[in-house]
Amino acid sequence: MRRGTGRVGAAVVAALLLAGGITGCGGAEPAPRELAAPVALPTDAPVEAPADQPSEAPPAVEAMGAAPSAKASPSASPKPKPKPTRTAAGPLATPEPPTETRVPPPPPKPAPSGCQPTYRGTQATRSQVKAALGDAAARTYWPTSAPDIAIPLNLLKATAWQESGWQSNIVACDGGIGLMQIMPATADWMNQRFGQSYDINDYRDNAYLGANYLAWLTKYIGDMYFEADYRLDASLCTSELNSCLLNAVIAAYNYGHNAVAREGEPLTIPNPQYVRNVRALMTECVCLTY
């Protein structure tokens, strides 16, 4: 996570939207760097490192209507009060100051072009990955201050496919590890921030780290631009990519929070193709049938 380059995702997206990718989280948008990824996971047997190279990314996702709703009322109580319906049709033009002041580390430098990923350890089976992602999506990551934050399972499955092609033992050239392509520095920060001890090399903990990071981004960006409306709902998005929280969270997973949400500036989507890839995978990925 927290990287400014594309990963194996484009290949799997192109192949698997017809039959779904490795990218990362953080930075400014250069031309996507591509890594090897499988076209599909055929069985529950361990998967060998593939040699295919990515091709074209999928087309843009169709526009969806409706407007976000809900505003969090200030309260001294640890339990949030019911949120009134928002009247705004999109993100705030001038964001609120961030409520989260402890932020992830900056992204690393892009890996050299032409670098190929490596593999270590045993590849988790398709059924093991499916179970890990299901468990991670079912967790509540902000039980006190924002218990309504939920990470949709199809978002988690699609992000994992875009990031690694569901390869649990892949290590990218820029240091991203495993299923959700977590950067070691990001994993250390997440463990410190939430008092956890997730093992980045364990595919189940890797899934929890990815889901926890998506939840943190939801809280961070939702508080700044969406008045604490934390719904990651595609029906709230329009044809404008910066119209909804879902697209912003996907973009920030790839390029980092500071590339998407900055104090005093409008919401920005610096990596539109990555967002379109994941959005397409959320409805068309072969991994959704596993």
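Here the shortest heavy-atom pairing between Ala261 and Tyr225 reads CB-CE1, 3.4 Å. What you find for Pro272 and Leu241 is that their closest heavy atoms are CB-CD1, 3.4 Å. Of all the heavy atoms in Ile151 and Ala211, the pair that sits closest is CG1-O, 3.7 Å. A pairwise comparison of heavy atoms in Pro105 and Trp189 identifies CD-CB, 3.8 Å as the closest pair. What you find for Leu179 and Glu163 is that their closest heavy atoms are O-CB, 4.0 Å. For Pro147 against Thr140, the heavy-atom pair with the smallest separation is O-CG2, 4.1 Å.
Residues Tyr119 and Gln167 are in side-chain contact: their nearest non-hydrogen atoms beyond the backbone lie under 4.5 Å apart. Side-chain contact between Leu217 and His257 is present, with heavy atoms from C-beta onward closer than 4.5 Å. Looking at Leu209 and Met180, their side chains never come closer than 4.5 Å, going by heavy atoms from C-beta outward. The shortest side-chain heavy-atom distance between Glu100 and Asp223 does not fall under the 4.5 Å cut-off. Residues Tyr220 and Pro98 are in side-chain contact: their nearest non-hydrogen atoms beyond the backbone lie under 4.5 Å apart. Taking 4.5 Å as the limit, every side-chain heavy atom of Ser168 sits out of range of all side-chain heavy atoms of Gln128. A 4.5 Å side-chain heavy-atom check between Tyr255 and Tyr274 finds every atom pair outside the cut-off. At a threshold of 4.5 Å between non-hydrogen side-chain atoms, the residues Leu246 and Met282 count as touching.
Separating the SG atom in Cys244 from the CG atom in Leu267 is a distance of 9.0 Å, to the nearest 0.5 Å. Atoms CH2 and CD1, on Trp216 and Ile221 in that order, are 8.0 Å from each other to the nearest 0.5 Å. Rounding to the nearest 0.5 Å gives a distance of 4.5 Å between CG of Leu92 and CD of Glu227. In this structure, the separation between CG on Asn169 and OG1 on Thr122 is 7.5 Å, given to the nearest 0.5 Å. Note that CD1 of Ile177 is 4.0 Å distant from CD1 of Ile200, once rounded to the nearest 0.5 Å. Residue Leu155 holds its CG atom at 10.5 Å from CG of Leu133, rounded to the nearest 0.5 Å.
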Chi angles and distances behind the side-chain contact (heavy atoms from CB on, under 4.5 Å) call for Tyr213, Tyr141: CA-CA 9 Å; Tyr213 186 52; Tyr141 292 95; over 6 Å; no
side-chain hydrogen bond (donor to acceptor under 3.5 Å, both in side chains) evaluation trace for Asn206 with Tyr198: CA-CA 7 Å; Asn206 197 286; Tyr198 294 130; over 6 Å; no
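Shown here is Glu265, whose CD atom has more than 12 heavy atoms of other residues, nucleotides or ligands within 6.0 Å.
Distance alone, capped at 3.5 Å, is enough to place a donor-acceptor pair between the Gln123 side chain and the Trp166 backbone. The backbone N or O of Val286 lies less than 3.5 Å from a partner atom in the side chain of Thr289, making a donor-acceptor pair. The backbone N or O of Thr238 lies less than 3.5 Å from a partner atom in the side chain of Ser243, making a donor-acceptor pair. Using modelled atom types, one side-chain atom of Thr268 and one backbone atom of Pro266 make a donor-acceptor pair closer than 3.5 Å.
Tracing side-chain contacts under 4.5 Å through hydrophobic residues (I, L, V, M, F, W, Y), one never reaches Leu288 starting from Leu232; they form parts of separate clusters. Leu214 and Tyr203 are members of different hydrophobic clusters when ILVMFWY side chains are connected at heavy-atom separations under 4.5 Å.
Side-chain atoms of Gln273 and Asn277 form a donor-acceptor pair, as typed in the model, at a separation below 3.5 Å.
The existence of a salt bridge linking Asp135 and Arg139 is excluded, since no basic side-chain nitrogen approaches an acidic carboxylate oxygen closer than 4.0 Å.
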